[in-house]
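The structure follows.
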Amino acid sequence: MSEPPWGPVHRDIVDLLADHPADVPAVVDHLTKLQDMLVRLPPLLDSCPLADFNKLYLVITSTVLDGLYADRFVDPVFLSRLDVEFAARYFDALRLWSDQSPSTPKAWACLFERMRGPDARPLPSAAAGVNAHINFDLPFALVTTFDHLESEPVDGSDQHRDYLEINKIFAEKIPSLRRGYLERWQLLIDMLNGDIDDWYQGELIGYTRDVAWRNAQRIWRCRHDPHRHERERRRLDETSAALGRLLLSPLGAFLQ
């Protein structure tokens, strides 16, 4: 009998995923508990590839929660709902992988498959998770959110401005997050580069999230057409998976 996907913490993770977070504080709580479990997953323990992404996701979501408490957003109901829908897709992918389901999105499977490997470096692992979550999960989370709120993704709306405000949160947190993934020799190169790498990563996140917004608008127009909707899902899953495999390849690790 093969070992379960999450090894000695499999039951703990399955039990955690049985509960569906209903608000942003619950999402932060889930991510915190999941992080504590992932860093206990052998053989890599603290360097678990999924933990590298989950740590980043936890920091960003915690900052969003702080922003909600501080009235940073124009439409907090929208941002809160989007955060919950967004997290739900990540937790759903984890549930499918826990069940060893062939329905696990390819965008996530390429990262989950590296859990046992010794060659997944922290920064590429985190980048692969961000790729799956933004390029694949986010468009559908946006559509579900707008459908629930009986609104729609309109450029220049209050919801769109709040969506763009998240780019600023990434820009605020990227420098310390990225350096936390680097080895000593990489930190030296990073110091020589000055702020260029931080600026580039921030611009890349902004561009990627803009593409996700455009894809959400595209999916919104076909949300009542099951065939077109499934075609869009497959397109985004395959595209995200291809990019994820590149990020996790030796070439991707070198470029980062």
Side-chain angles (χ1 to χ4, degrees), residues 20-32 34 53-93 107 126-127 129-178 198-224 229 232-233 236 240:
H20 296 249
D23 54 31
V24 183
V27 170
V28 170
D29 182 66
H30 261 56
L31 292 172
T32 301
L34 181 59
F53 163 72
N54 196 81
K55 177 176 68 174
L56 181 152
Y57 189 23
L58 174 57
V59 169
I60 297 298
T61 307
S62 297
T63 307
V64 171
L65 180 59
D66 291 341
L68 288 167
Y69 287 145
D71 295 326
R72 179 170 182 169
F73 306 106
V74 179
D75 190 343
V77 173
F78 163 74
L79 235 299
S80 298
R81 185 72 192 189
L82 177 59
D83 197 283
V84 170
E85 295 290 347
F86 194 30
R89 298 191 67 84
Y90 172 49
F91 294 135
D92 285 346
V130 170
N131 161 64
H133 208 29
I134 294 180
N135 285 322
F136 179 63
D137 289 342
L138 185 51
F140 295 99
L142 280 163
V143 169
T144 304
T145 298
F146 281 115
D147 193 44
H148 175 82
L149 297 176
E150 298 182 344
S151 183
E152 57 184 294
V154 177
D155 292 354
S157 63
D158 287 345
Q159 293 90 348
H160 189 215
R161 283 191 286 272
D162 280 345
Y163 180 81
L164 295 177
E165 186 69 20
I166 302 299
N167 294 352
K168 298 179 183 178
I169 290 177
F170 272 99
E172 293 164 8
K173 297 299 180 180
I174 278 175
S176 59
L177 282 168
R178 191 174 57 79
D198 295 332
W199 173 83
Y200 166 74
Q201 293 288 341
E203 289 295 305
L204 184 60
I205 289 291
Y207 171 78
T208 303
R209 295 188 77 253
D210 183 62
V211 171
W213 178 268
R214 301 300 165 202
N215 280 323
Q217 291 176 321
R218 178 171 173 157
I219 296 166
W220 179 260
R221 291 191 291 270
C222 70
R223 66 192 185 282
H224 299 308
H229 187 276
E232 287 299 313
R233 188 200 67 79
L236 291 179
S240 301

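If you're wondering where the values come from, they're calculated on a predicted model, not measured in any experiment. All residue numbers refer to positions in the sequence shown, counting from 1. FYI, side chains are in, hydrogens and waters are out, and symmetry mates aren't considered; it's all heavy atoms of this structure.
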Tell me whether Arg223 contacts the main-chain N or O of Val143 through its side chain, where contact means a donor paired with an acceptor under 3.5 Å.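 Looks like no, no N/O pair under 3.5 Å.
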Given 3.5 Å as the limit, does a donor-acceptor pair link the side chain of Asn54 with the main chain of Leu31, or not? yes
Find the distance between CG (Asp75) and CG (Asp162) and round it off to the nearest 0.5 Å. 6.0 Å
Has Ser157 got a side-chain atom pairing as donor or acceptor with Val154's backbone, closer than 3.5 angstrom? yes
If you measure from the Lys or Arg side-chain nitrogens to the Asp or Glu carboxylate oxygens, is any gap between Arg214 and Asp155 under 4.0 Å? yes
Please name the pair of heavy atoms, one in Glu232 and one in Cys222, separated by the smallest distance, quoted to 0.1 Å.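 Nearest pair, atom of Glu232 first, then Cys222: CG-SG, 4.1 Å.
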Using 4.0 Å as the upper bound for N to carboxylate O, is an ion pair formed by Glu172 and Lys168? no
Between Ala212 and Leu142, which heavy-atom pair has the shortest distance, and what is it? O-CD1, 4.2 Å
Distance under 6.0 Å and angle within 45° of the ring axis: does Arg89 meet both against Phe136? yes
Tell me if the aromatic rings of Tyr90 and His133 count as close, with their centers under 6.0 Å from one another. yes
Between Phe78 and Tyr163 (judged by ring centroids, cut-off 6.0 Å), do the two rings come close enough to count as a pair?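 Judged by ring-centre distance (under 6.0 Å), Phe78 and Tyr163 do not meet the cut-off.
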Which heavy atom of Asn167 sits nearest a heavy atom of Gly206, and at what distance? ND2-CA, 3.9 Å
Does the ring center of His229 lie less than 6.0 Å from the ring center of Phe140? yes
